[in-house]
Amino acid sequence: MTIRLYDSRAQSITDFVPLVDGEVGLYVCGPTVQSSPHIGHLRSALVYDLWRRWFTYRGLRVTLVRNVTDIDDKILNLAADTAEEWWARAYRYELEFTAGYTALGILPPTYEPRATASVSEMQAIVATLIERGHAYPAPDGSGDVYFDTVSWPTYGALTNQKLDDMVSATDADPRGKRDPRDFALWKGTKAGEPESASWESPWGPGRPGWHIECSAMSKRYLGAAFDIHGGGLDLRFPHHENELAQSTAAGDDFAHHWMHNGLVNVDGQKMSKSLGNSIFASEFLAMARPIVVRYFLAAAHYRSTIDYHDGALEEAEAALDRVEVFLGRAGRRLAGTRFVGVGSRVVSDAFAEAMDDDLNVPQALGALHDSVRRGNAALDDDDLDTAAREWQHTRAMVEVLGLDPYAPEWRGSDEGAAHTALATLVDKLLEARNSARAAKDFANADRIRADLAAAGITIEDSPSGSHWSLEQ
RNA sequence: GGUGGGGUGGCCGAGAGGCGAGGCACCGGCCUGCAAAGCCGGGCACGCGGGUUCAAAUCCCGUCCCCACCUCCA
């Protein structure tokens with residue numbers, strides 16, 4: 001088995017060969033914690049969670065590093081307008097991101113470094129770049145240090161752009177730049193900026209530029225050469241291009257593969273503050289059960305754009321329900337039989353093949369639903385041997401996708417005293433209904449079913465008894 | 001202007017030369033006292049115009065349209 005992935009620098013699918021046999025080092029650009037997370041942020045984190053889970057299922061030891069950018073112009077500016085300290089603001093939003101990830105069943109990364117904790121590592125890279133002639137302190141006394149793009153012949157390699165074709169930023173402040181395309185590695189502290197956001201450096205007090213942090217943190221935790229660098233498609237340029245330039249110009253191998261996840265649109269449009277169409281994580285998670293939200297965000301291929309529109313979550317809910325109903329049905333039927341030990345808890349071959357092929361989750365979901373259908377058909381035929389095999393496959397698949405409805409992270413209101421009380425009452429009503437049915441008193445039997453339905457409880461009759469479930 | 005990604009049945013969404021992935025919705029049938037759930041079957045999809053081929057949604061040429069990035073952004 002070989003896992004294949006689309007390398008966005010090579011612009012082609014390649015076999016993934018780890019630098020160290022049996023291990024994967026994966027660095028992912030996390031958010032700038034300046035405001036509340038939206039569904040795009042959730043999607044991005046989810047994509048790498050799925051990669052990580054699949055690598056792990058395939059026996060690789062994954063080191064996943066996802067940074068938190070907790071120092072940046074935006075954070076400083078936004079905090080300056082309020083009484084809140086910039087670091088308090090950053091941390092407050094960091095907690096919101098964590099809450100969103102947790103709610104979606106996204107596993108914590110191996111480590112989640114904050115930019116502010118690696119300033120000296122950043123300075124070391126800046127110093128190397130100056131030494132090698134690829135960076136220069138601005139001559140205007142600002143304390144800024146810029147990367148010299150013209151000095152680096154392969155600048156533009158990641159996004160396949162030529163320096164000459166680039167439209168130079170119209171709103172960029174040229175300050176002490178030699179060339180408008182040069183970017184800041186270090187920003188000198190300006191008047192009025194908080195002292196807490198200022199670090200001593202050989203070039204004067206200041207703070208890091210945006211791109212340098214990822215070069216420093218990936219090196220610190222994964223090494224000068226590591227397997228995969230991931231992030232949102234919108235980060236390819238300039239962020240990742242700049243990271244690549246500064247790390248390689250400083251003499252590091254840097255990432256061997258680049259991976260970019262697609263963005264999330266709303267009704268065909270990019271989410272943006274001016275349009276006011278952003279869907280925030282907290283709102284989105286309130287629109288459906290979190291596991292349904294996860295299914296929705298995971299169901300499209302990780303490289304394609306997801307377009308959220310009304311009804312999308314309902315569709316995801318229906319699709320996931322089908323899987324859940326099978327798991328419940330099969331579990332009840334197989335319990336206590338000798339078939340419960342039949343088969344092994346591994347994914348189906350079709351599923352594995354799809355996942356190996358650049359994490360083709362949509363196709364893998366096709367395989368999942370195939371197992372569900374075959375399992376249901378076997379249960380209809382009372383072929384418990386086949387049913388048990390498909391049940392095990394389904395459990396394994398749902399588990400790698402982080403969509404196991406019985407996993408602890410999705411457990412919520414269906415436990416506790418209230419649920420026990422409800423179960424007792426419903427069971428009593430079902431008993432009454434079944435005696436009515438036995439006596440062919442269908443009027444009463446149907447009235448009980450209607451009463452339960454009005455309370456949001458659905459009844460399913462089967463040869464082995466009646467099962468009830470709460471509409472979610 | 002430059003660099004990428006797209007246009008697939010009512011909807012979502014894979015596939016990338018040859019049996020119509022899968023899901024949702026809909027229609028028929030089986031099952032059921034009736035339902036629900038499930039199963040079986042159904043609608044003959046690939047932006048458009050050419051071409052290559054025994055065979056094209058998939059390859060080639062042309063053409064139209066959409067989106068993203070080049071400025072902070074997952």
Side-chain angles (χ1 to χ4, degrees), chain A residues 8 11 28-32 34-35 37-48 66 69 72-74 77 97 156 158-172 181 210 230-239 241 260-265 268-273 295-296 299-301 303-307 309 311-312 314-323 325-326 328-329 350 354 357 360-370 372-381 437 440-443 445-446 449-450 453 458-463 466-469:
Chain A
S8 38
Q11 290 179 31
V28 178
C29 282
T32 299
Q34 51 163 317
S35 51
H38 56 60
I39 56 179
H41 294 112
L42 293 183
R43 199 255 178 127
S44 181
L46 176 59
V47 161
Y48 301 101
R66 186 186 61 220
T69 300
D72 145 283
D73 291 2
K74 279 250 171 82
N77 293 155
F97 275 84
L158 179 67
T159 51
N160 196 23
Q161 299 185 91
K162 294 191 199 80
L163 218 44
D164 297 338
D165 290 334
M166 291 182 195
V167 179
S168 44
T170 48
D171 61 341
R181 290 158 299 201
W210 175 35
L233 198 53
D234 53 349
L235 295 179
R236 283 175 76 231
F237 193 93
H239 186 53
E241 190 72 74
H260 289 97
N261 61 275
L263 308 182
V264 181
N265 287 170
Q269 282 187 306
K270 189 184 163 169
M271 284 184 282
S272 78
K273 287 184 192 94
Y295 186 99
F296 168 72
H301 186 96
R303 283 192 279 120
S304 64
T305 307
I306 292 183
D307 186 33
H309 56 93
E314 286 73 9
E315 274 191 27
E317 167 91 55
L320 183 63
D321 273 355
R322 206 178 131 68
V323 178
V325 165
F326 168 66
R329 185 185 177 209
D357 184 16
N360 194 333
V361 173
Q363 199 165 68
L365 286 174
L368 170 68
H369 279 101
D370 283 341
V372 169
R373 184 174 25 74
R374 280 195 298 266
N376 270 320
L379 286 173
D380 284 354
D381 296 344
R437 288 173 72 207
K440 307 248 186 251
D441 179 4
F442 297 121
D446 289 353
R449 183 171 63 196
T458 311
I459 303 304
E460 289 167 39
D461 294 331
S462 79
S466 300
H467 173 71
W468 64 274
S469 56

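What you see below is based on every heavy atom in this structure, not just the backbone, and it leaves out hydrogens, waters and symmetry mates. Letters A, B, ... are given to chains in the order of the sequence lines, protein chains preceding strands, and every chain is numbered from 1.
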Between [N] and [M], how many Å separate the two [atom1] atoms, rounded to a whole number?
N: C59(B); M: C66(B); atom1: P; value: 23 Å
N: G15(B); M: U58(B); atom1: C1'; value: 9 Å
N: C24(B); M: G38(B); atom1: P; value: 8 Å
N: C64(B); M: G49(B); atom1: P; value: 15 Å
N: G10(B); M: C48(B); atom1: P; value: 13 Å
N: A14(B); M: U52(B); atom1: P; value: 33 Å
N: A36(B); M: A74(B); atom1: P; value: 47 Å
N: U63(B); M: G7(B); atom1: C1'; value: 14 Å

Any side-chain heavy-atom pair from [X] and [Y] closer than 4.5 angstrom?
X: Ile39(A); Y: Arg43(A); value: no
X: Arg437(A); Y: Ser466(A); value: yes
X: Arg373(A); Y: Arg322(A); value: yes

Give the nucleotide from the list [options] with an atom nearest to the side chain of [X].
X: Leu235(A); options: C72(B), A74(B), A36(B); answer: A74(B)
X: Asp380(A); options: C39(B), C34(B), G23(B); answer: C39(B)
X: His369(A); options: A74(B), C34(B), G23(B); answer: G23(B)
X: Asn261(A); options: A36(B), C24(B), A74(B); answer: A74(B)
X: Asn376(A); options: C39(B), C72(B), U3(B); answer: C39(B)
X: Lys270(A); options: A74(B), C69(B), G38(B); answer: C69(B)
X: Ala377(A); options: A37(B), A74(B), C39(B); answer: C39(B)
X: Asp234(A); options: G2(B), C69(B), G38(B); answer: C69(B)

Spatial distance of atom [atom1] ([X]) from atom [atom2] ([Y]) [nearest 0.5 Å]:
X: Tyr295(A); Y: Leu365(A); atom1: OH; atom2: CG; result: 4.5 Å
X: Leu158(A); Y: Glu241(A); atom1: CG; atom2: CD; result: 5.0 Å
X: Gln34(A); Y: Thr69(A); atom1: CD; atom2: OG1; result: 10.0 Å
X: Arg236(A); Y: Ser8(A); atom1: CZ; atom2: OG; result: 6.0 Å
X: His38(A); Y: Phe97(A); atom1: NE2; atom2: CZ; result: 7.5 Å

Need the pair for [N]. Rule: Watson-Crick or G-U wobble, both distances under 3.5 Å, any strand; none if unpaired.
N: C48(B); result: G62(B)
N: G1(B); result: C70(B)
N: G38(B); result: C30(B)

Starting at atom [atom1] of [X], determine the distance to atom [atom2] of [N], rounded to an integer number of angstrom.
X: Phe326(A); N: G23(B); atom1: CZ; atom2: P; result: 14 Å
X: Gln161(A); N: C69(B); atom1: CD; atom2: C1'; result: 7 Å
X: Leu320(A); N: A37(B); atom1: CG; atom2: C1'; result: 16 Å
X: Phe296(A); N: C12(B); atom1: CZ; atom2: C1'; result: 9 Å
X: Lys440(A); N: G33(B); atom1: NZ; atom2: P; result: 7 Å
X: Leu233(A); N: U3(B); atom1: CG; atom2: C1'; result: 12 Å
X: Glu460(A); N: A36(B); atom1: CD; atom2: C1'; result: 6 Å
X: Leu365(A); N: A21(B); atom1: CG; atom2: C1'; result: 11 Å

Between the protein and nucleotides 13-16 of chain B, list the N/O to N/O atom pairs that are separated by less than 3.5 angstrom.
from	atom 1	to	atom 2	distance (Å)
A14(B)	OP1	His301(A)	N	3.0
A14(B)	OP1	Ser304(A)	OG	3.3
A14(B)	O3'	Asn360(A)	ND2	3.1
A14(B)	O2'	Gln363(A)	NE2	3.3
G15(B)	OP1	Asn360(A)	ND2	2.9

Under 3.5 Å, is there a donor on one side chain and an acceptor on the other for [X] and [Y]?
X: Asn261(A); Y: Ser44(A); answer: yes
X: Asn376(A); Y: Arg329(A); answer: yes
X: Thr159(A); Y: Gln161(A); answer: yes

For [X], report the nucleic acid contact type (base, sugar-phosphate, nothing); a contact means any heavy atom under 4.0 Å.
X: Val264(A); value: base
X: Phe237(A); value: sugar-phosphate
X: Arg437(A); value: base
X: Gly30(A); value: sugar-phosphate
X: His467(A); value: nothing
X: Asp370(A); value: sugar-phosphate

Starting from the 5' end of RNA chain B, give me the residue, Tyr48(A) or Ser462(A), whose nearest nucleotide shows up first. Ser462(A)
For [X] and [N], is the shortest distance between a side-chain N/O and OP1 or OP2 below 4.0 Å?
X: Asn160(A); N: G4(B); value: yes
X: Arg449(A); N: G33(B); value: no
X: Arg329(A); N: G38(B); value: no

Is it the case that the base of A35(B) and the side chain of Asp446(A) share a donor-acceptor contact (distance under 3.5 Å, atom types as modelled)? no
